[in-house]
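Report on one structure; see the data block that follows.
Treat the numbers as computed from the prediction; the structure is a model and nothing was measured. Per chain, numbering begins at 1; letters A, B, ... match sequence-line order.
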Protein chains: 2
Amino acid sequence: MTATDGGANDGGAGSRAGSGDGGTGPGGDTVAAVVRQWRAVHPDLDTGPMEIIGRINRCAALLQQAEDAPLRRAGLSRAEFDLLGALRRTGHELTPGELARETFSSGAAVTKRLKQLTERGLVERRGDTRDRRVAHVRLTDTGRDLVDGILPEQLAYESAVLSGVDGPRQGELAALLGGLLGQLEGRLDALRA
Amino acid sequence: MTATDGGANDGGAGSRAGSGDGGTGPGGDTVAAVVRQWRAVHPDLDTGPMEIIGRINRCAALLQQAEDAPLRRAGLSRAEFDLLGALRRTGHELTPGELARETFSSGAAVTKRLKQLTERGLVERRGDTRDRRVAHVRLTDTGRDLVDGILPEQLAYESAVLSGVDGPRQGELAALLGGLLGQLEGRLDALRA
DNA sequence: AACAAGTGTTTTACCTGTAAATCAAATGTC
DNA sequence: GACATTTGATTTACAGGTAAAACACTTGTT
């Protein structure tokens with residue numbers, strides 16, 4: 001769900017007025033409505049996890065749509081911007097493999113993106129002299145300027161999107177999410193095994 | 001990012017040990033590391049939004065990978081499960097259009113999924129008698145049993161994934177996310193315009 | 001030195017999603 | 001009652017993404 005944004009990532013959630021039940025109203029967000037539906041059908045199940053995971057997934061879907069807007073104006077997909085951003089923020093050259101790890105995508109995807117970004121003159125490649133398998137990728141001046149130009153817009157846009165939540169709550173949210181993410185990044189490999 | 005899961009949804013984030021900087025350590029999660037990198041390069045920018053949006057996106061990516069596991073065992077993609085789940089939790093037939101709205105995906109995607117799920121005998125269709133454009137889709141007994149069999153596993157799995165966060169914090173997180181989501185669902189159309 | 005095994009990158013084949021065009025049927029308008 | 005408009009669903013063309021295979025090169029072993 002990146003390019004044009006996907007859709008079906010709801011953690012068992014997903015809902016909308018659809019037929020007749022009007023907007024969200026004072027009953028909560030759409031995920032709350034979905035959880036209510038599930039509870040009506042399976043009163044025995046603990047739907048607690050949905051209230052977190054469903055909401056994270058739904059927020060992510062909505063935020064990505066929103067975020068894409070400023071990027072699209074610059075003719076970049078989010079995946080492309082992530083790649084360029086990785087080069088910009090690290091400040092040094094990266095190999096395709098490193099870029100794949102940095103952007104959490106497959107090597108094949110990085111290869112394709114690099115091809116396009118190179119054609120557009122945003123990145124350059126140079127072969128390693130020691131190990132002739134590896135390439136080193138760096139931003140061109142154009143690429144650097146593009147990232148530096150977009151980033152402030154992007155952040156301003158994100159600020160606007162979050163403006164409905166007051167300052168202190170934003171802080172709490174960031175902290176709690178940081179805690180969760182730390183747990184997930186640490187434990188996930190373990191759980192998957 | 002669903003079928004096999006997407007990847008590059010980071011909100012300007014994305015990071016991993018990559019070369020040599022070891023695990024996450026007591027410095028925070030990977031998003032915190034990315035934010036530090038950005039601040040080093042652009043000390044003037046307000047990176048606050050990244051700490052929320054970047055984390056939501058990254059959590060969503062990780063959670064979806066994790067969630068996929070129990071579904072995959074049942075031979076379903078998340079998108080397919082979302083569709084079946086919508087039918088199960090509403091308890092009545094839905095038209096393709098309603099299913100698209102429920103699962104936040106395009107009509108074309110629903111058409112394709114319905115074709116596959118029908119072939120697998122998990123859903124059935126019936127034409128509307130009044131309006132011959134519309135179809136009504138319902139779960140077969142097999143489909144219903146499949147959903148009912150998977151759902152508890154799914155929730156148990158999600159519980160396990162969240163178990164690193166203690167009870168009270170889970171509650172706070174759910175509430176804060178609910179607030180954010182409510183804002184986003186209400187205001188997003190406005191912002192996009 | 002030859003060769004097995006490993007590593008970094010790219011290629012291939014395929015799958016799934018979207019947007020836009022198309023088809024089909026209902027509905028409003030004159 | 002014919003005709004433009006709208007609405008529901010499907011088809012088409014295409015853009016990415018992945019997994020697995022293929023390459024190219026390096027490194028360890030004997």
Side-chain angles (χ1 to χ4, degrees), chain A residues 1-10 14 18-19 61 64-65 68 71-72 75-83 93-120 123 125-137, chain B residues 1-10 14 18-19 61 64-65 68 71-72 75-83 93-120 123 125-137:
Chain A
M1 99 183 36
T2 292
T4 51
D5 181 67
N9 25 357
D10 275 352
S19 320
Q64 276 162 15
Q65 272 190 316
D68 277 351
L71 262 41
R72 295 277 254 271
L76 286 177
S77 72
R78 165 140 292 274
E80 288 164 336
F81 182 71
D82 277 355
L83 194 160
E93 294 179 330
L94 293 170
T95 68
E98 287 167 342
L99 280 168
R101 283 187 291 271
E102 254 348 282
T103 61
F104 302 104
S105 41
S106 70
V110 169
T111 297
K112 287 188 182 178
R113 275 174 226 150
L114 284 177
K115 199 170 131 200
Q116 296 194 102
L117 294 171
T118 306
E119 281 165 6
R120 285 206 248 166
V123 302
R125 343 179 32 136
R126 144 185 102 71
D128 189 297
T129 35
R130 312 267 180 148
D131 186 339
R132 286 187 330 214
R133 288 169 304 180
V134 332
H136 296 274
V137 181
Chain B
M1 94 191 51
T2 295
T4 51
D5 184 67
N9 24 357
D10 276 352
S19 320
Q64 275 162 16
Q65 272 189 316
D68 276 353
L71 262 41
R72 294 278 255 270
L76 287 177
S77 72
R78 165 140 291 274
E80 289 165 336
F81 184 71
D82 276 356
L83 194 160
E93 295 178 329
L94 292 171
T95 68
E98 287 167 341
L99 280 167
R101 282 187 292 270
E102 282 300 321
T103 62
F104 303 102
S105 40
S106 70
V110 169
T111 297
K112 288 188 182 175
R113 275 176 227 148
L114 284 177
K115 199 171 130 198
Q116 295 195 100
L117 294 171
T118 306
E119 281 164 7
R120 286 206 248 167
V123 302
R125 345 180 28 137
R126 150 183 99 71
D128 188 297
T129 36
R130 311 266 181 152
D131 186 339
R132 285 187 333 213
R133 287 170 304 180
V134 332
H136 295 274
V137 182

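Comparing A:E80 and B:L114 against DNA chain D, the residue whose closest nucleotide sits nearer the 5' end is B:L114.
Atom CZ of A:R113 and atom CG of A:L99 lie 9.5 Å apart (nearest 0.5 Å).
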Inset, instruction - Please assess B:V123 against B:T118 for the test side chain to side chain contact (heavy atoms under 4.5 Å, CB included), listing each intermediate value before the final yes or no. - result: CA-CA 5 Å; B:V123 302; B:T118 306; 3.5 Å; yes

Legend entry - A:L83 and A:L114: CA distance, side-chain angles, deciding distance, side chain to side chain contact (heavy atoms under 4.5 Å, CB included) verdict: CA-CA 9 Å; A:L83 194 160; A:L114 284 177; 4.0 Å; yes

Legend entry - Test side chain to side chain contact (heavy atoms under 4.5 Å, CB included) applied to A:Q116 and A:K112, step by step: CA-CA 7 Å; A:Q116 296 194 102; A:K112 287 188 182 178; 5.7 Å; no

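Put simply, the side chain of A:K115 and the base of C:dT10 share no donor and acceptor less than 3.5 Å apart.
OP1 or OP2 of C:dT9 has at least one side-chain nitrogen or oxygen of A:T95 nearer than 4.0 Å. Residue A:R78 places none of its side-chain N or O atoms closer than 4.0 Å to OP1 or OP2 of D:dG16.
For the pair B:D82 CG and C:dT16 P, the computed distance is 15 Å after rounding to whole Å. Regarding A:R113, its CZ atom lies at a distance of 10 Å from the P atom of D:dG16, rounded to whole Å. Rounded to whole Å, atom C1' of D:dT10 lies 15 Å from atom CD of B:Q116. D:dG16 atom C1' lies 15 Å from atom CG of A:L76, rounded to whole Å. Going from atom NZ of A:K112 over to atom P of C:dC15 covers 14 Å, rounded to whole Å. Rounded to an integer number of Å, the gap from B:L99 CG to C:dG17 P is 14 Å. Distance, B:D128 CG to D:dG8 C1': 11 Å, rounded to whole Å. Distance A:F104 CZ to D:dG17 P: 16 Å, rounded to the nearest Å.
A:G107 comes within contact range of at least one nucleobase, with a heavy-atom separation under 4.0 Å.
Under the side chain to side chain donor-acceptor pair (under 3.5 Å) criterion, B:R132 pairs with no residue, sequence neighbours left out. For B:R120, the side chain to side chain donor-acceptor pair (under 3.5 Å) test picks out B:E80, with sequence neighbours left out. Among residues two or more places apart in sequence or in another chain, the side chain to side chain donor-acceptor pair (under 3.5 Å) test is passed with B:R133 by B:D131. B:R130 meets the side chain to side chain donor-acceptor pair (under 3.5 Å) test with no other residue; sequence neighbours excluded.
When all heavy atoms of A:P96 and A:A135 are compared, the pair lying nearest together is CD-O, 3.4 Å.
Comparing the helix axis at one end of the helix from C:dA1-D:dT30 to C:dC30-D:dG1 with that at the other, each defined from 5 consecutive pairs, gives an inter-axis angle of 0° (nearest 10°).
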Strictly under 3.5 Å: I want the nitrogen or oxygen pairs between protein and nucleotides 23-26 of chain C, one per line.
from	atom 1	to	atom 2	distance (Å)
C:dA26	OP1	B:R130	O	3.0
C:dA26	OP1	B:R132	N	3.2

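The side chain of A:P96 approaches C:dT9 more closely than any other nucleotide in the set D:dT18, D:dT10, C:dT9.
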